[in-house]
Chemist: 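What follows is a structure written as structure tokens; I'll ask about it next.
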Amino acid sequence: MAATKKKTTTRQKANPKKVGSNRAVKAKAAKKIVVKKKTLPVKRSAARKVVKRPAGAAATKRAAPRAKAARAVSPVVQDAYNPQVIEKSWQARWQEDKLYRSVIDHSRPKHYALTMLPYPSGDLHIGHWFSMIPPDTRARFKRMQGYNVLFPMGFDAFGLNAENAAIKDGIHPMKRTFQNIERMRRQMRSMGTMFDWEREAVSADPEYYKWTQWFFIQLFKYGLAYRKMSAVDWCPKDNTTLAREQVIGENRVCERCGTPVIKKNLEQWFFKTTRYADELLRFDEIDWPERVRTLQTNWIGRSEGASVIFKTEAGDDIEIFTTRPDTLWGATFMVFSPEHLLVDKITTPEQKEAVEAYKLQAARQSDIEREAVDKEKTGVFTGGYAINPVNQARIPIWIADYVLMSYGTGAIMAVPAHDERDFAFAKKYDLPIVEVIRPEGQNEAGELQVAYIGDGVMVNSGPFNGTKVNTEKGRKNPGISKVIDWLAAQGIGKEAVNYRYRDWLISRQRYWGAPIPMVYCEKHGWNPVPDDQLPVLLPEDVEWKPTGESPLKLHPTWKDTICPVCGGPATRETDTMDTFMCSSWYHLRYLSPHDDQAPFDENEYNYWMPVDTYTGGIEHATMHLLYTRFFHKALRDMGITEGNEPMMQLRNQGMVLAEDHSKMSKSRGNVVAPDVLVNRYGADTVRAYIMFFARWEMGGPWDSQGIEGTARWIRRVWTLFTERTRPGAASEQTKKNLRRRVHQTLRRVTRDFETFEFNTIISSLMELLNEMYKAREEGAAGSPEWNEAAEIYLKMLAPVAPHIAEELWTNRLGKPYSIHQQMWSKVDEDAAREDMIEIPVQVNGKVRDRVLVSAEADEDEIRTTALASEIVRKYMEGRQPQKVIVAQRRLVSVVV
RNA sequence: GGGGCGGUGGCGGAAUCGGCAGACGCAGUUGACUUAAAAUCAACCGGUGGAAACACCUUGAGGGUUCAAGUCCCUCUCGCCCCACCA
């Protein structure tokens, strides 16, 4: 009884081909594990015996233990569940066998499952697991359904964090980033995902960013990349732009010298995303969450109206956009944004001092401060006047910070009678208010107390007096429509659509990004770096000085180059690209990450694209998810990609919160470290708990105690499949019930995988396990029904807990390796059908009894049975039923 | 100010087509096993009343539709998220 018995948990590698690599050697070492047997309780000991590997499993065989490995593992009860051993060994085996390699296979339907790639911050946290594991289980499920699945992973490796850290401690961002990536890769491998690492792409790798640069050049050649002036934060003492992070405190001072930061117009590179604004508003081809569609729609912020040209007294055009051209006759003044280009020209000498002071003050405020709703409006008169083109009225021009340079044209016509903001401004500065829309039926208006926004009839509006207008925008409003036609006929305005959406600012005055591959020559202006000179490599010999300047600018020689047109001296662009540029096309790089002839291989594209399922956080709704759609559409128009959308289905996971419902963050010290959990429980348990503890699409607070339940379940799975029980003589009913539960569960689990409802997959599997324990108690073990149940159970478990499922399938049940190459079982609907159903019976809306009827019973039969119930009759108190409703064989409702 | 999501036991959550509310788990209580603990196993576990049978109440609040509402409609309320002087 107490005899020590040795065994290995897995096989020895039969094929020595790959033994040369470090990984293979390490994996082999991990495989040689001896498990000792200790005294066992009498009852169970008889049952425990290792199931021998069938002769047919050629790739594996039992191996003699080695002394070293025997010492490495403390003696444990034989066959106790030991995830640390089986997980490492199966991971090594799968890797050696290239089990998760995805190659084009036209005989199978493809499924491209993509999950947002992480930034290599250092350590994998529980949020990464939450975003990666459920999609991994689903990708595995799809694969078992017969799809050829591509499920790649990579790193969004450029970015500010590594550079800021470098300024602090001098460690080169490249070194830090690639070290972090190596660590995260190791951590990711412990998760047991089916990532195809041969397709890994790292955006900071020159073989990757060569193509990011190439795409920039294509966009430039196609006219979608351009330079323009843009207001950025600027430190006047250090003469440098500052990143948002470098501007600190409410006073907005430079983090280094404490000087107040101002806005300054600088030339920057932009992408013309706005050209696609209308198309980006269409979602009819894609299955994306309503929430994301709404966020994108609001972000793009389309509004219809008119563009009208006012004139300064000196004759300069002032273009404005308005959604209310019907109120043009009520424009009594104009307001410019303080940054408007005409401000200096129109300002009179008497007003110059006040205007300059106001501009300085406005420049120091953040957008957020400037846009605060309840802030009282301020402004300054410029001394200049404009001519209203509809009635030639001479109206004063003010500047005020409530007019934003970044929206519309940076200048508005102010109609105080019909706009709340203009009204407040006019009241404060005693400017005239002229009513031009009057509620219908009202003859004489007194002094307006508030701006009037509703329906009405145009008054004081020259040729349009008496025209009815409502509150509809654009052409849908007949009044506005007429005015627009008239403006166009007069040549002073036209119909116009304006967007909140702005062109994408690409330039970053930073080192750790893909250099913008452009060259400036005095004679020939801006030209792209020729293709054969790509990539424009980041120089490694740079210094980390806390100057706020990009090391690329400070590098003595890097920026010196020759003009691609004339061969004369020229200068490189020293700005790098926004990292969202890198992530706009990473799904394409996965197709052929090492291709040095093209950004992606055409055959791979034709087979795998578009992405079938995209998963990630909703925080990217108006950034990455919009950029990547723009990018795809632009490439489509250039003939590089096909189809209108890159990602057909999108699903967003929620956020994992700390146990006290607060956000997890390093500074709070409440981050859950998955490595510790994996060491303690094994990856399979952590995977299952990740799926179980909250609704995936909602997220929720972490509960460190809750994982015990999932751990218990996994151990019970292990016990059920490793304990040998005498075949019993279960009744036909027991066996039939077992089959029914198995197929009902299979139906449910299949559906839940399809619909991303991962938590109920686990609860269904827990329930079925409980049923199987009961059935075994009743003697079902060893029957064909039992064997079918075991097989289907492990297959359903396989996507969730791939290691234990493989161990039990291959090594314990002796079924053909690998469970991950098995086909998903089909639901036997006949088996899943109930033969007797219990139907609750309500009397006057309250459930009073439950009656048992045959599943084939028709309505009459159910009704008769229900009314025959003693209890039901008692509650009817002798009255005749007014109405008896038999609802879908699910319930009987008696009304008396 | 606008838009969105949500509120179900002590906790996470289930109820997928308007049809038995509280599946599955955590925590808790009791018992078995143990020198003991852990692990495991068995039972209980929304509230009120009751010895019990059982009755009544219960899905943020109020109202409505319906034989029947967590689910549909209206009003309100609380929490979270996004946008926000958008001309």
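Just so it is clear: chains get the letters A, B, ... in the order the sequence lines come, proteins before strands, and each one is counted from 1.
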Chemist: Identify all stems in which RNA chain B takes part, counting only runs of at least 3 consecutive pairs (Watson-Crick or G-U wobble, each distance under 3.5 Å), and give each as one range with another, ordered by first number.
Modeler: B:1-7 with B:77-83, B:10-12 with B:24-26, B:28-32 with B:40-44, B:46-49 with B:54-57, B:60-64 with B:72-76
Chemist: Is the cationic atom of Arg500(A) (NZ for Lys, CZ for Arg) positioned less than 6.0 Å from the six-membered ring centroid of Trp299(A) and within 45 degrees of its normal?
Modeler: yes
Chemist: Who passes ring-ring contact (aromatic ring centres under 6.0 Å, His included) against Trp504(A), sequence neighbours left out?
Modeler: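 So Trp504(A) forms a ring-ring contact (aromatic ring centres under 6.0 Å, His included) with Phe271(A), Tyr627(A).
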Chemist: Using a cut-off of strictly less than 4.0 Å, decide whether Arg716(A) has a side-chain nitrogen or oxygen near OP1 or OP2 of A39(B).
Modeler: no
Chemist: Which nucleotide in the set C24(B), A87(B), C17(B) lies at the smallest distance from any side-chain heavy atom of Ile412(A)?
Modeler: A87(B)
Chemist: With a cut-off of under 6.0 Å to the ring centre and 45° to the axis, is Lys377(A) in cation-pi contact with Tyr402(A)?
Modeler: yes
Chemist: Taking the side chain of Asn759(A) as its heavy atoms from C-beta onward, which of C41(B), G19(B), G13(B) lies nearest to it?
Modeler: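 The nucleotide sitting nearest to the side chain is G13(B).
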Chemist: Starting at CG of Leu295(A) and ending at C1' of C5(B), how long is that distance when rounded to a whole Å?
Modeler: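 Spelled out: CG on Leu295(A) to C1' on C5(B) is 11 Å.
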Chemist: Can you find a side-chain donor-acceptor pair between Asp684(A) and Tyr689(A) that sits under 3.5 Å?
Modeler: no
Chemist: Could you check which of G4(B), A87(B), G25(B) has an atom nearest any side-chain atom of Arg291(A)?
Modeler: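 Per side-chain heavy atoms of Arg291(A), the pick is G4(B).
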Chemist: For the side chain of Phe321(A), starting at C-beta, report the closest nucleotide among A87(B), U40(B), A23(B).
Modeler: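 Per side-chain heavy atoms of Phe321(A), the pick is A87(B).
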Chemist: Pull out every protein N or O sitting under 3.5 Å from an N or O of nucleotides 10-12 of chain B, one pair per line with the distance.
Modeler:
| unit_1 | atom_1 | unit_2 | atom_2 | d |
| --- | --- | --- | --- | --- |
| G12(B) | O2' | Phe693(A) | O | 2.2 |

